[in-house]
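Okay, so here's the structure we're looking at.
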Amino acid sequence: MKVYVVGKGAVGTYLGELLRGIGNDVSYAPRDLAAVEPVDADMALVTVKAFDTASAIETLRRALKDPAATTIVTPQNGVGNEELLAAAFGADNVVAAALTVPVDVDASGAGFAAKGGGIAFAPVGSTSAHNWLLAAFGTTGLPTTAVADYRSLKWSKLALNVVANAACAILDVLPERLVREDAVFALEIRAIREVRATMKALGIAAIDLPRYPVRALLGVASLPTPVARALLASRIAGARGQKPPSLLVDLRSAKHRTEVEVLNGAVARAAREAGVQAPVNAAYARILSDIAHMPQLWAKYRERPAALVSEVRSK
């Protein structure tokens with residue numbers, strides 16, 4: 001099988017080299033669009049950050065000799081990427097994916113993974129099973145799952161991605177510190193509740209993902225705040241306490257862009273359209289976008305939980 005990977009970061013190299021390891025022909029798109037050459041590909045993996053999806057589409061338009069013969073797989077965070085790719089290449093050619101394996105990069109820049117987790121797939125267009133995808137990834141030893149509704153898949157992954165993410169980035173702290181800040185962690189619980197309420201309003205069912213019981217997370221968040229805090233704090237600290245979350249990595253990279261608009265921002269927009277209130281997610285998205293575009297604003301919030309709580313409550 002010929003595989004073309006757009007995005008040579010941690011996730012792209014991790015999945016690409018897994019597939020290469022079982023005998024597939026894997027190539028990576030160059031960063032420079034002018035250097036892109038036409039290729040034959042059975043599968044294209046889009047593993048760029050969400051803010052680069054439009055650029056990935058231009059790369060694929062130039063690279064794929066026969067787009068109709070290529071299945072485009074999107075293990076990206078957030079919601080909205082699949083719709084952009086479907087508009088460009090047709091829904092039947094796009095398969096949503098959610099990777100729950102913690103992935104990082106080594107000194108050489110190649111992606112490597114911690115133990116646990118897996119990958120789940122859901123077609124965006126045709127409801128026919130993509131058994132060959134399950135077989136291709138399953139042969140690598142990576143646990144694979146098929147999901148019928150791609151919106152359930154992506155929103156359930158989003159529910160995981162919003163936990164201890166935006167607030168950590170705004171405050172420039174790790175999750176282990178965040179869970180010890182009672183007032184801020186209460187905001188985290190409210191943010192999760194807003195995701196749950198928005199999904200319910202949209203008619204999107206939560207599903208469990210490999211390694212992560214998403215339905216239990218949303219259920220616990222609906223309990224009284226002191227109970228939810230007691231149940232969630234230790235689990236979050238144990239699972240990701242020392243690891244900088246993705247939005248904090250975005251800010252520290254000083255690229256002036258983050259994925260908050262496809263995470264908390266997407267919740268806020270969908271909630272507004274559905275007539276649901278999501279003030280915490282809206283505030284997180286606004287504050288983090290402002291910091292990304294004007295880094296000098298970060299000083300107002302860095303390691304100052306009271307400033308974040310005050311700002312959210314004032315809106």
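This structure is a prediction, so every number in the text was calculated from the model and none was measured.
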Does the side chain of [Y] come within less than 4.5 Å of [X]'s, by heavy atoms?
X	Y	value
Thr70	Met43	no
Ser152	Met199	no
Asp250	Lys49	yes
Leu45	Tyr4	no
Ile189	Leu187	no
Leu247	Asn264	yes
Tyr212	Lys157	no
Pro75	Leu15	yes

Interatomic spacing from CG in Leu308 to NZ in Lys300 - rounded to 0.5 Å
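Answer rounded to 0.5 Å: 10.0 Å.
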
Drop me the distance from Gln76's CD to Leu99's CG, to the nearest 0.5 angstrom.
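One finds 12.0 Å between CD of Gln76 and CG of Leu99.
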
Does Arg302 make a cation-pi contact with Trp298 (under 6.0 Å, within 45 degrees of the axis)?
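The answer is yes; both the distance and angle limits are met.
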
Do [X] and [Y] share a hydrophobic cluster (ILVMFWY, side-chain heavy atoms under 4.5 Å, transitive)?
X	Y	value
Val309	Leu297	yes
Leu248	Val184	yes
Leu64	Val46	yes

Identify which one of Asn165, Thr258, Asn161 satisfies the side-chain hydrogen bond (donor to acceptor under 3.5 Å, both in side chains) criterion when paired with Ser246.
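Of Asn165, Thr258, Asn161, side-chain hydrogen bond (donor to acceptor under 3.5 Å, both in side chains) with Ser246 is met by Asn165 alone.
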
Looking at Tyr150 versus Phe121, is the centre-to-centre ring distance below 6.0 Å?
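No, the ring of Tyr150 stays outside the 6.0 Å limit from the ring of Phe121, centre to centre.
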
How would you list, by chain and number, every residue that makes a side-chain contact (heavy atoms from CB on, under 4.5 Å) with Asp25, sequence neighbours excluded?
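Asp25: side-chain contact (heavy atoms from CB on, under 4.5 Å) contacts with Lys2.
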
Side-chain polar contacts of residues 220-231 - donor-acceptor pairs under 3.5 angstrom, sequence neighbours left out - could you list them?
| residue | atom | partner | partner atom | Å |
| --- | --- | --- | --- | --- |
| Ser222 | OG | Gly219 | O | 2.5 |
| Thr225 | OG1 | Arg193 | NH1 | 3.4 |
| Thr225 | OG1 | Arg193 | NH2 | 3.1 |

Please report the closest heavy-atom contact between Pro143 and Gly117, naming both atoms and the distance.
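Nearest pair, atom of Pro143 first, then Gly117: CG-O, 3.5 Å.
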
Considering all heavy atoms, the nearest Ala278-Ala268 contact
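Heavy atoms only, the tightest pair is CB-CA, 4.3 Å.
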
So, [X] versus [Y]: side-chain donor-acceptor pair below 3.5 Å or not?
X	Y	answer
Tyr284	Glu311	no
Thr74	Asn81	no
Ser289	Glu261	yes

Please list, chain by chain and in numerical order, all residues satisfying salt bridge (charged side-chain N to carboxylate O under 4.0 Å, His left out) with Glu273, sequence neighbours excluded.
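Partners of Glu273 by the salt bridge (charged side-chain N to carboxylate O under 4.0 Å, His left out) criterion come out as none, since no residue qualifies.
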
